[in-house]
Protein chains: 2
Amino acid sequence: MNQQFRELCKDKNISPSITRESVYDYLDGNETHPTVDEIYKELKPKLPTLSKTTVYNILKLFTKEDIILEINTREHKKRYELNNEDHAHFTCDMCGQIYDLPKVEVNYNLGGFNGFHIKHEEVNLRGVCKDCRDK
Amino acid sequence: MNQQFRELCKDKNISPSITRESVYDYLDGNETHPTVDEIYKELKPKLPTLSKTTVYNILKLFTKEDIILEINTREHKKRYELNNEDHAHFTCDMCGQIYDLPKVEVNYNLGGFNGFHIKHEEVNLRGVCKDCRDK
DNA sequence: CCTTATATTGTAACTGTTACAATTTTATAA
DNA sequence: TTATAAAATTGTAACAGTTACAATATAAGG
Ligand SMILES: [Mn+2]
Ligand SMILES: [Mn+2]
Ligand SMILES: [Zn+2]
Ligand SMILES: [Zn+2]
């Protein structure tokens, strides 16, 4: 059992079920930004009764609690990652892979938007990755 | 007839059909980042034979030709806008509205990513807008 | 006008997501 | 522990956005 996860749940006031812990553990240390389906397929062998709806439920809960981040891509599906170190993304137009980039500095110029409460900033780059370019 | 659009089509080597022109004109000067459905419903009265598939086709073509930009939101649908002045977006978590922000400066630190060809950079902020905060 | 290419249309299929009621598991307290 | 209530999980069906595709209509070129 993941002690760090149990404390996180205590903080967020949610119960640390085995299913939730499994989703968390899978995302922890995973840099692939998986889809719901990929998470489900990965966990199903270890949790044979797992339902895809449960994965959806957990991801929605984790997102609401800011434990994970939803990544909206131009594919018609969402991807997820742990909300750990702040970083930017580069998405390859050719192969679709999402690369993590070191955090970049963003300077705002928010004239006229000073009543806005900014909770999250996100930088997405798009283009062709090195692998695809070399082909 | 929109002369600017006809020249744009000449540049892109696509034919300036009335349907395409209508989609273009609707997006031009529209700051609401409409969905496919909104575009379709708006144009249908003026083009009674219009099919939603056609709207999809045109938006896909315009996106490929870099005439418009696809905006991927956390809603389960895409939004579109003309690819004119470069700007950032603020999306309100409460009401979902997308606000245009003046362009922000982004400083890259792309150590290890120097084979990458960056075609587009995008800055998305997220939080609560003034209107929703005041309620 | 004729011929060919392109654009548009309607329908059906596909896919990611959500709603919901039933069941199982977990938390709480007697 | 056992009883009770609350919460989590499950399976199914519905839903929504998107895409595939074949048929039709329109446009372009000679
Ligand atoms: Mn990432
Ligand atoms: Mn915009
Ligand atoms: Zn690539
Ligand atoms: Zn708002």
Side-chain angles (χ1 to χ4, degrees), chain A residues 1 5-6 8-10 12-26 33-65 67-80 96 98, chain B residues 1 5-6 8-10 12-26 33-65 67-80 96 98:
Chain A
M1 49 213 70
F5 176 69
R6 301 187 88 81
L8 182 59
C9 286
K10 212 163 212 168
K12 304 290 188 178
N13 206 38
I14 62 178
S15 68
S17 74
I18 183 70
T19 324
R20 287 172 180 168
E21 187 177 339
S22 301
V23 172
Y24 182 88
D25 285 346
Y26 177 59
H33 313 91
T35 61
V36 170
D37 221 61
E38 286 164 358
I39 297 168
Y40 172 74
K41 287 210 175 78
E42 176 73 23
L43 300 182
K44 183 71 172 171
K46 284 164 192 164
L47 304 170
T49 69
L50 183 64
S51 160
K52 201 179 280 184
T53 300
T54 301
V55 179
Y56 274 104
N57 289 340
I58 292 175
L59 291 172
K60 181 172 286 182
L61 175 69
F62 282 3
T63 302
K64 183 165 73 76
E65 298 292 343
I67 296 170
I68 62 176
L69 290 176
E70 243 180 44
I71 302 176
N72 303 111
T73 70
R74 49 187 0 174
E75 311 166 285
H76 185 44
K77 58 194 149 190
K78 290 173 178 167
R79 295 182 169 273
Y80 295 89
I98 300 175
Chain B
M1 50 212 72
F5 176 70
R6 301 186 87 82
L8 182 60
C9 286
K10 213 164 211 169
K12 304 291 188 179
N13 205 37
I14 61 179
S15 68
S17 73
I18 183 69
T19 324
R20 287 172 181 167
E21 187 177 339
S22 301
V23 171
Y24 181 87
D25 284 346
Y26 177 59
H33 313 91
T35 63
V36 171
D37 222 61
E38 286 164 358
I39 297 168
Y40 172 74
K41 288 211 174 78
E42 177 72 22
L43 300 183
K44 184 71 171 171
K46 285 163 191 165
L47 303 170
T49 69
L50 183 64
S51 160
K52 202 179 278 186
T53 299
T54 301
V55 179
Y56 275 105
N57 289 340
I58 292 175
L59 292 171
K60 181 172 284 181
L61 175 70
F62 282 4
T63 301
K64 183 165 73 72
E65 299 292 344
I67 296 171
I68 62 175
L69 290 176
E70 243 180 45
I71 302 175
N72 303 110
T73 70
R74 50 186 1 175
E75 311 166 285
H76 185 43
K77 60 194 149 189
K78 291 173 177 166
R79 294 182 171 273
Y80 296 89
I98 301 174

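Here the structure is a predicted model, which is why all the values come from computation and not from measurement. Lettering follows sequence order; numbering is per chain, from 1.
The salt bridge (charged side-chain N to carboxylate O under 4.0 Å, His left out) analysis of residues 51-64 of chain A, with sequence neighbours excluded, yields the pairs A:Asp37-A:Lys52.
Between the CG atom of A:Asn72 and the C1' atom of C:dT17 there is a distance of 13 Å, given to the nearest Å. Taking atom CD of residue B:Glu75 and atom C1' of nucleotide C:dT18, one finds them 15 Å apart after rounding to whole Å. Nucleotide C:dA27 holds its P atom 12 Å from the NZ atom of A:Lys10, rounded to whole Å. If you measure from atom CG of B:Leu61 to atom C1' of C:dT8, you get 13 Å, rounded to the nearest angstrom. For the pair A:Glu38 CD and C:dT17 P, the interatomic distance rounds to 11 Å; values are reported in whole Å. Here the P atom of nucleotide C:dA13 and the NE2 atom of A:His76 are 18 Å apart, to the nearest Å.
Legend: residues meeting salt bridge (charged side-chain N to carboxylate O under 4.0 Å, His left out) with B:Glu42, ordered by chain and number and at least two apart, are absent. The ring-ring contact (aromatic ring centres under 6.0 Å, His included) check on A:Tyr24 picks up A:Phe5, with sequence neighbours excluded. Residues satisfying the salt bridge (charged side-chain N to carboxylate O under 4.0 Å, His left out) criterion with A:Glu75, sequence neighbours excluded, are A:Arg79. For A:Thr63, the side-chain contact (heavy atoms from CB on, under 4.5 Å) test picks out A:Ile68, A:Glu70, A:Tyr80, B:Arg74, with sequence neighbours left out. Among residues two or more places apart in sequence or in another chain, the side chain to side chain donor-acceptor pair (under 3.5 Å) test is passed with A:Tyr56 by none. Under the salt bridge (charged side-chain N to carboxylate O under 4.0 Å, His left out) criterion, A:Asp25 pairs with no residue, sequence neighbours left out. Residues satisfying the side-chain contact (heavy atoms from CB on, under 4.5 Å) criterion with A:Ser17, sequence neighbours excluded, are A:Thr19, A:Arg20.
Non-hydrogen atoms lying under 4.0 Å from DNA chain C are contributed by B:Thr49, B:Leu50, B:Ser51, B:Thr53, B:Thr54, B:Asn57, all within residues 43-60 of chain B. Within residues 16-24 of chain A, no residue places a heavy atom under 4.0 Å from DNA chain C.
On the nucleic acid side, DNA chain D contacts chain A at distances under 4.0 Å to non-hydrogen atoms, with the end points of that region at D:dA8 to D:dT18.
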- Query: Stepwise, does the side-chain contact (heavy atoms from CB on, under 4.5 Å) test hold for A:Ile71 with A:Lys78?
  - Reply: CA-CA 6 Å; A:Ile71 302 176; A:Lys78 290 173 178 167; over 6 Å; no
- Task: For the pair A:Leu59 and A:Ile39, evaluate side-chain contact (heavy atoms from CB on, under 4.5 Å) and give the outcome as yes or no after the intermediate values.
- Result: CA-CA 10 Å; A:Leu59 291 172; A:Ile39 297 168; 4.0 Å; yes
- Task: I would like to know whether A:Thr53 and A:Asn57 meet side-chain contact (heavy atoms from CB on, under 4.5 Å); could you show each step before the answer?
- Result: CA-CA 6 Å; A:Thr53 300; A:Asn57 289 340; 3.8 Å; yes
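Summary for the helix from C:dC1-D:dG30 to C:dA30-D:dT1: the axes at its two ends, each from 5 pairs, differ by 30° when rounded to the nearest 10 degrees.
With contacts defined as side-chain heavy-atom distances shorter than 4.5 Å, the pair B:Ile67/B:Ile14 qualifies.
Between B:Ser15 and B:Arg79, the one whose closest nucleotide on DNA chain D sits nearer the 5' end is B:Arg79.
Counting heavy atoms of neighbouring residues, nucleotides and ligands inside a 6.0 Å radius, atom NZ of A:Lys44 exceeds 12 of them.
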